[in-house]
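Protein chains get the first letters and strands the later ones, always in sequence-line order, with residue 1 at the start of each.
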Protein chains: 2
Amino acid sequence: MNVQAAQTWQSVQEEVLRRIHAREWKPGDLIPNEAELAKDFGCARSTVNRALRSLAERGLLERRRRAGTRVAAQPVAKATLNIAVIRHEVEDRGARYGYQLALREARVAPTHISAALGVGVQDRLLHVMALHLSDDAPYALEDRWINSVHVPDALEQDFRSISANEWLLQSVPYTRGEISFAAIPASAENAKHLNCPENSAVLAINRLTWDHDHSVTAVQVLFAPGHQMRTQI
Amino acid sequence: MNVQAAQTWQSVQEEVLRRIHAREWKPGDLIPNEAELAKDFGCARSTVNRALRSLAERGLLERRRRAGTRVAAQPVAKATLNIAVIRHEVEDRGARYGYQLALREARVAPTHISAALGVGVQDRLLHVMALHLSDDAPYALEDRWINSVHVPDALEQDFRSISANEWLLQSVPYTRGEISFAAIPASAENAKHLNCPENSAVLAINRLTWDHDHSVTAVQVLFAPGHQMRTQI
DNA sequence: CATGCTTTTATGTGTATACATAATATCATG
DNA sequence: CATGATATTATGTATACACATAAAAGCATG
């Protein structure tokens, strides 16, 4: 069952994908091992490995040493959302970006914030709220707490011309983070900023980032009603 | 500036990450080329390539032929959400999964559905609504249209014991899809199923999948209020 | 028959080498 | 000086080879 010489790992990948989509290899099926496929395709095993590894990363194949490679029974669709700087997001849509600082204060944080950031309940943190605009319409409301105990530089920034969003990315590294998506009703205050009725359904993204063992920032970004995040799978 | 022999691509990656996080290489900086790093680390260039390529895939590095590799100026956080079979999602949370078919009909679809699926406005499509339960509480409402013109097998399924969600994944391949996330107010009908007040903010995931040039299905999944999707970055 | 050791096997990875390719830099020429 | 040909260079990839490692299968022993 020799196939024409496929020289690139992409072409091997395409052929493997074709076989999966054509159901020649069905979900759950064990596929031939790398050495056999290499012989079949007339290429080196490393080339097959590259192709299969990449498909496994995408969730279409499941690989285990010694056990072999099988087609994922229920391929988990991996939706990768790019969480970019909000300014870029707006500009990429071809709109004019605007920015308004709504609040900047150093104060003791609510307990759920200080707990999330792992700081003492008495520590004063930097609280920044800002509105991001797209063609002068409210686009997203950023409600952020910065761990100014570990990021003291933040206290010297007024965040009037550069958003905390951008300043942090440029200035403070992080090694890991958590992110969550939810739909929540807009509070009276949120609704005022976003120029929408109270209790409107808004998309909320919560992020918590850490630099090694130090928390950096906790932020909630609320998008104006109707906002969609899109991606391909 | 010789570093101790780093034999694995993971250790090279870790050291590169350390330098980025320690700001030895700052956002926007050009880093040494693969050959130099290989000499530095005392390993082969392919090993360095593997490490850097993987970091580039994660969005931390930007690579261009001849131009070299630089630290991403504003690393785009890539949040990868696993959109699994809903049953697995519930079971993974340690809850008991339940399933109730709410509606199954073959009829002419609303124009926005037939347009999205690229079928004629007069074509009868299969419409399925089902409720997914977690410990007997409403978890998600699945509102699906299946392109039964191209997936006629679907007409023979009653979807009473297996959800359309699972049946399609097992039975019908797709090559590509679009997915979008939004927050919407629950309609009266949705609210009844989800057992929540009308206009509650609910997280909606819309998916549209294709098998080559044929649309397969358009589905909206509404999660009960309070639902969060989480991931690490 | 259960339990733990050993063998086998498929994937995972590192190396040296070679060539491909994109993109920049340089140079020649009008 | 502008323009296009050419050289250079860093990444991208294919190959053959070797060895590492996880896990299944087989085997021996109590």
Checklist entry - Quick one: is B/Ser46 getting a side-chain N or O under 4.0 Å of the D/dT13 phosphate, OP1 or OP2? => result no

Does A/Thr47 put a side-chain nitrogen or oxygen below 4.0 Å from OP1 or OP2 of D/dT13?
no

Practice problem: Report which part of the nucleic acid A/Gln10 touches: base, sugar-phosphate, or nothing (heavy-atom distance under 4.0 Å, all strands). | Solution: sugar-phosphate

- Query: Looking at A/Glu34 and A/Arg45, does any basic side-chain N land under 4.0 Å from a carboxylate oxygen?
  - Reply: yes

A/Arg53 CZ to C/dA10 P, in whole Å, measures 20 Å

From the candidates D/dA14, C/dT13, D/dT11, the one with an atom nearest any side-chain atom of B/Asn33 is D/dT11

So, does the side chain of A/Arg66 form a donor-acceptor pair with the base of C/dT8 at under 3.5 Å? yes

note: B/Leu52, atom CG; D/dA10, atom P; distance rounded to Å ~ 14 Å

At less than 4.0 Å, is any side-chain N or O atom of A/Arg63 found next to OP1 or OP2 of C/dG12? Yes or no. yes

Separation of D/dT13 atom P from B/Glu34 atom CD, nearest Å, is 11 Å

Test: A/Arg18 and A/Glu14 ion pair at under 4.0 Å: no

Between CG of B/Leu37 and C1' of D/dT11 the distance, given in whole Å, is 12 Å

Exercise. For B/Arg64, report the nucleic acid contact type (base, sugar-phosphate, nothing); a contact means any heavy atom under 4.0 Å.
Key: sugar-phosphate

Check: A/Arg45 side chain, C/dG12 base, donor-acceptor under 3.5 Å = yes

Across all chains, not counting sequence neighbours, the side-chain contact (heavy atoms from CB on, under 4.5 Å) partners of B/Ala115 are none

Rounded to whole Å, the CG-P distance (A/Leu61 to C/dT11) equals 11 Å

Practice prompt. Anything under 30° is parallel, anything over 60° is perpendicular, the rest tilted; go ahead and classify A/His214 against A/His150.
Written response: parallel

To the nearest angstrom, the CG-P distance between B/Leu30 and C/dT24 comes to 12 Å

Starting from the C-alpha separation in whole Å, work towards a yes-or-no answer on side chain to side chain donor-acceptor pair (under 3.5 Å) for A/Ser54 and A/Gln13. CA-CA 8 Å; A/Ser54 151; A/Gln13 189 175 75; 2.7 Å; yes

Practice task
Could you check whether B/Arg50 gets within reach of a base, just the sugar-phosphate, or nothing at all, counting any heavy atom under 4.0 Å?
Solution key: sugar-phosphate

Taking for A/Trp9 and for A/Ala67 the nucleotide of DNA chain D with the nearest heavy atom, the one nearer the 5' end belongs to A/Trp9

Taken to the nearest whole Å, CD1/B/Ile31 to C1'/D/dT11 is 12 Å

Between CZ of B/Arg70 and C1' of C/dT24 the distance, given in whole Å, is 13 Å

Subject >> Side-chain donor/acceptor contact of B/Arg65 with base of D/dT13 under 3.5 Å >> reply: no

